[in-house]
Every structure is written in C-alpha cells, then in structure tokens.
Amino acid sequence: MTLDTFAFIQTAPGRVVVGWGPFDASARRDPRRPAFYMNDFFLGDAAPWKHPARWEELPVAELARRFVGAHALAVQWQPPVLSEFEALFSSAHGAIAAGQFDKIVPVVFESGTCTNGTGPPHEYLLSRLASIPDALLCYGWIEGDAGFIGATPEMLFAAGDGTIETVAIAGTMPTSAASGLLRDFKERKEHDYVTTDIVERLAPYGITRVESVEVMELPTISHLRTRIRFEPSGGGEGGETGAPAFDELVRILHPTAALGVWPRNDAGQAWLRRADERDGRRGFGAPFGIEMPDGRGLCLVAIRNVEWLQRRMRIGAGSGVVAESALEREFDELRGKREQVKRLFGITG
C-alpha cells in the first residue's frame, strides 16, 4: 500500500487517528476540523497546524496490516563515537559548574543507510506498529520520500473534560537494573528537576496534583515517571473555563526539563541553539499532536523515532546532564535509547 502524505497518532491503547493528505497548513486550527500539530523543536514553524483532507480512527493493528508483506529493512548504521559526544558533554558540564544552569539535555544522532530494496522505508516501519507495547505512544508523518515514525514514552499533555494531564519522565536505566532507579541519587535528581519545571510552569494557570514517582518499565530501558493532573482556573487564552488553548499549552510546557534546560533561562536556550548548529535536530523532541473538533487534544514529545530521507535514516537520543553525570554513563544511556528504537522497529542492522 503506497500513500503520498499522511500522519497518525495513538490516542488510546491500541487506537490511532490517521489523517490523509493533502494537508492544509495554517497558523490556527480550523475548529470545525481535526488537525495535527507539528512544529520544530524551537517552535519556528509559522503554520504548525496541518489539516488533513480526510481522517479516520482505527486500531493500530489494522493500520499495520495494511503494510503486511513489506520487505524488512537492512540498515548499515554508523554509531557516534565517544569523542563526538565528549565535546558536547564537556561543554554542558562546564556550564553547570559555572552556575549557568543545573541541567541540560544534549542530543546525538546516529545515521544509517538502507542497503536493500527500493521501496519507501515507511512501509516496513508501519508494519511493525502492532508489536509496539501500549505503554509507548506511536506517531508519525510521511510525506513523499521523507518522514519520521516513532513510539514515545512521553506525553506533553492530554486535554479534555476540563482537565489536563501531563507526565514527568526522566531518569533512565536498563530494564534489567530498573529496580535501582528509585534509589539512584543522580537519576532522582534529574527526574525531580523535570517535575518541578512542569509544576512551576502550570502554577499560574490553575491547580496541579502530583502523584508519586514510579518506575516505567519498557523493553530494554526503563524510566522514572510522575503523573501530573492539572485543573485550569483561568488565565489561559481558550475556552469559557479559561483553560489554556492547545497552542498556549505547547508554549507553556515545551520543552520541559526532560528535553531542554533547568532552570529555563537565556543561557540554557543559547546553549541548546549552539549545540543544534552541528546536527540540526529539526523535529526531534518537538511537540507532535492532534486536536479534535470537540476540543479533545493530545500532544506527544517526538522522541524514540527514526527519520528518513529517501534511503538515508537517522535516530536521535538525548541525555540529561547534571553535576553528578559521568561521560561514559551518559554515552551508554544514549546508545541504549537508540538501540530501543532499532529493536522496536526491526532495524538493528
């Protein structure tokens, strides 16, 4: 099955909303139509709302079945070496030691080339969706011979019924050692920064209720997770209740300290932009979501994905650097996140 342009996002366990192109891009969502929200990490797209020509909701397994028979991908990967990450790590660690910020998230990409077949890579990647655990949320954008498909553990927010849900996810260990996550000082510290960042960002707009920290066990790697419920009390741009509109929630929350910097300040933003000059993260870690005509909205954090342009592919991963971080451990964490993506989508090489 070959399609030119379409997008999808998992909105419930085992369910996805799919939009079929062509898409109309706009600075504002048409309230009569569902629309996908897709921006770059630095929110530089002046028309982030993408309105599909038609859409449907269907089981993830059904979408995957439409691509059964796609040839498996053979990919020759070129993993980054420690010295490539060391410069980023040293810069981040030095800025923390100088008191510019307490945490920041450098990103490293691994590139690869498809070495078999001539069909578009997305067909095989989509055929793998049925095997993705429900704890991970699938999403993707396909446009001609380019696109990205992922399975993220991180939701920026879900809005509906007068409440907003979000989640702090930070702190990483191999699943084989996940029982130690709650006791690890460095991982707990990193996670607490993210939770504090989200709560402080939402505080002017309503009441937040923070649940206990838990371990989110996933294939190969696991994370610390804190669920947060937010009840708006006014001060936002949208709706009679004063709840912030989708666009405003993106600006309020993105990027959380899980992908950005803590505390949020000019020095941290400048560091992130300088680091971006090397690889160009584009949409990695950016908000990707959908809003429906009834006001229900979901916005994911676009991580754990594979991007491609023709036969070239790349996988990105970020690692939270704090004062206690060690170079080799952070490098191993980056590799573990990339390997999880490869295993999920059957592109281990």
Side-chain angles (χ1 to χ4, degrees), residues 1-30 32-40 45 47-73 114 117-132 136-152 155-156 246 282-284 286-293 296-315 341 344-347:
M1 179 178 185
T2 302
L3 299 166
D4 185 49
T5 304
F6 66 103
F8 67 93
I9 185 169
Q10 183 176 333
T11 53
R15 306 285 296 179
V16 290
V17 173
V18 185
W20 313 104
F23 286 77
D24 295 329
S26 175
R28 293 185 176 273
R29 182 179 74 84
D30 181 343
R32 301 165 298 177
R33 305 164 61 189
F36 287 82
Y37 181 94
M38 184 174 69
N39 214 323
D40 60 71
D45 189 342
W49 288 107
K50 320 297 180 185
H51 298 84
R54 61 185 180 89
W55 67 280
E56 63 179 317
E57 183 180 2
L58 68 159
V60 174
E62 181 179 331
L63 179 61
R65 277 196 298 271
R66 297 181 184 185
F67 298 91
V68 168
H71 291 292
L73 297 177
C114 295
T118 58
H122 72 258
E123 293 186 354
Y124 177 67
L125 300 175
L126 287 165
S127 74
R128 300 276 303 185
L129 291 181
S131 63
I132 303 294
L136 296 169
L137 299 170
C138 303
Y139 65 96
W141 174 271
I142 295 89
E143 185 171 10
D145 58 3
F148 57 84
I149 290 174
T152 180
M155 174 183 72
L156 190 63
F246 191 111
R282 300 193 293 270
F284 181 79
F288 182 87
I290 191 168
E291 190 170 30
M292 305 299 286
R296 288 178 297 126
L298 173 67
C299 190
L300 308 180
V301 179
I303 57 174
R304 308 295 158 79
N305 60 41
V306 55
E307 303 173 68
W308 70 89
L309 174 60
Q310 297 178 343
R311 309 300 288 172
R312 293 288 296 169
M313 310 182 83
R314 75 172 190 172
I315 298 174
V341 175
L344 289 171
F345 290 101
I347 49 174

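Residues in residues 14-23 take part in these salt bridge (charged side-chain N to carboxylate O under 4.0 Å, His left out) pairs, two or more places apart or across chains: Arg15-Glu57.
With Asn305 contributing its side chain and Phe284 its backbone, the two residues share no donor-acceptor pair below 3.5 Å. Side-chain atoms of Asn39 come within 3.5 Å of backbone N or O of Asp45 as a donor-acceptor pair.
Between the CD1 atom in Ile290 and the CH2 atom in Trp55 there is a gap of 7.5 Å [rounded to 0.5 Å]. The distance from the CG atom of Leu125 to the CE atom of Met313 is 5.0 Å, given to the nearest 0.5 Å. Ile315 CD1 to Arg304 CZ: the interatomic distance, rounded to the nearest 0.5 Å, is 11.5 Å.
Two residues are said to be in side-chain contact when any heavy atoms from C-beta on lie closer than 4.5 Å; His51 and Arg29 meet this criterion. Residues Pro293 and Arg32 have side chains not in contact (no heavy-atom distance under 4.5 Å, counting atoms from C-beta outward). The shortest side-chain heavy-atom distance between Arg66 and Leu58 falls under the 4.5 Å cut-off. Between Glu291 and Trp49 the shortest side-chain heavy-atom distance falls below 4.5 Å.
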Item to check | Intermediate values then yes/no, side-chain contact (heavy atoms from CB on, under 4.5 Å), Leu136 and Leu344 | outcome: CA-CA 10 Å; Leu136 296 169; Leu344 289 171; 3.6 Å; yes
Next on the checklist: Checking Phe8 against Phe36 for the side-chain contact (heavy atoms from CB on, under 4.5 Å) test, could you report, in this order, the C-alpha distance in whole Å, the side-chain angles of both residues, the deciding distance, and whether it holds?
Outcome noted: CA-CA 9 Å; Phe8 67 93; Phe36 287 82; 5.5 Å; no
Next on the checklist: Using the rule given for side-chain contact (heavy atoms from CB on, under 4.5 Å), can you reason through Asp30 versus Asp24, listing the C-alpha separation, both sets of side-chain angles and the distance that settles it, and then say yes or no?
Outcome noted: CA-CA 10 Å; Asp30 181 343; Asp24 295 329; over 6 Å; no
Item to check | side-chain contact (heavy atoms from CB on, under 4.5 Å) between Ile132 and Gln10, intermediate numbers included | outcome: CA-CA 11 Å; Ile132 303 294; Gln10 183 176 333; 5.7 Å; no
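In the displayed structure, Arg28 atom CZ is contacted under 6.0 Å by at most 12 heavy atoms of other residues, nucleotides or ligands.
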Would you be so kind as to tabulate the donor-acceptor pairs closer than 3.5 Å made by side chains of residues 141-151, with sequence neighbours excluded?
residue: Trp141; atom: NE1; partner: Glu143; partner atom: OE1; Å: 3.2
residue: Asp145; atom: OD2; partner: Gln310; partner atom: NE2; Å: 3.2

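Ring-plane geometry between His122 and Phe67 is classed as perpendicular, the angle between the planes exceeding 60 degrees on a 0 to 90 degree scale with a lower cut at 30.
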